[in-house]
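Just follow the structure's listing: the first ligand is 1, and inside any ligand the first atom is 1. As a basis for the values below, the full set of heavy atoms in this structure was taken, side chains included, without hydrogen atoms, waters or symmetry mates.
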Amino acid sequence: MTKVAIACDHGGFEFKTMIMDTFKDGIDWIDLGTHGKDSVNYADYGRAMGRAITEGKAEKGILICGSGIGISIAANRFPAVRAALCTNVTMARLCRRHNDANVLALGGRIIGPAVAVECVNTFFNTEFEGGRHQARVDSLSACL
Ligand code: RB5
């Protein structure tokens, strides 16, 4: 089964629960929290994702905060992470096909649950195109 890490702050807790439940078959979830609606710092959960991807504990990840912005910024500080904040299915498809994104970030207060599920489904089921995109993706870490 594919190992996928998932993390959220309080703004993404409801989506995390819903997404884990929707994709409970075929996905071996690594739940990095948060585990309730109490206010927490999104950066801690973005960093937890960064560590999980860097250490190879998960091959892909899902991040959710209120906007999806703060938690994706935190995760993208890790060179191994290519987190893409998506608000629609086209973005979820393109972040896989062109950017080989390994983490999908969503805004729990930005999009509705049906769009969130479609974005996750598309993210899981779209392959990286490679070709002309490979060198560009490789170069993302070149400045570090
Ligand atoms: C939390 O209130 C909110 O700031 C957070 O979920 C996120 O939107 C930050 O980028």
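- Of all protein heavy atoms, the one closest to atom 7 (C) of ligand 1 is Cys65 SG, 3.4 Å.
- The ring-ring contact (aromatic ring centres under 6.0 Å, His included) search around His35 returns none, not counting sequence neighbours.
- Atom 1 (C) of ligand 1 has as its closest protein heavy atom His10 NE2, 3.5 Å.
- Considering only non-hydrogen protein atoms, atom 3 (C) of ligand 1 sits nearest to Arg109 NH1, 4.0 Å.
- In this structure a side-chain-to-backbone donor-acceptor pair under 3.5 Å is present from Asn125 to Asn121.
- Judged by distance alone, with hydrogens and angles left aside, the side-chain atoms of Arg96 form no donor-acceptor pair with the main-chain N or O of Thr122 at under 3.5 Å.
- Which parts of ligand 1 touch Gly66 is read off a 4.0 Å heavy-atom cut-off, strictly below it: atoms 5 (C), 6 (O), 7 (C), 8 (O).
- Tested against Trp29 for a side chain to side chain contact (heavy atoms under 4.5 Å, CB included), the candidates Leu32, Ile27, Asp31 yield a single pass: Ile27.
- The protein heavy-atom contact nearest to atom 5 (C) of ligand 1 is Asp9 OD2, 3.2 Å.
- Here the side chains of Phe124 and Ile62 are in contact, with some heavy-atom distance below 4.5 Å.
- A pairwise comparison of heavy atoms in Leu63 and Tyr45 identifies CD2-O, 4.1 Å as the closest pair.
- Proximity annotation for atom 10 (O) of ligand 1: of Gly70, Ala74, Ala105, Gly70 comes nearest, heavy atoms only.
- The Ser67 neighbourhood of ligand 1 comprises atoms 7 (C), 8 (O), 9 (C), 10 (O), with distances under 4.0 Å to a heavy atom of that residue.
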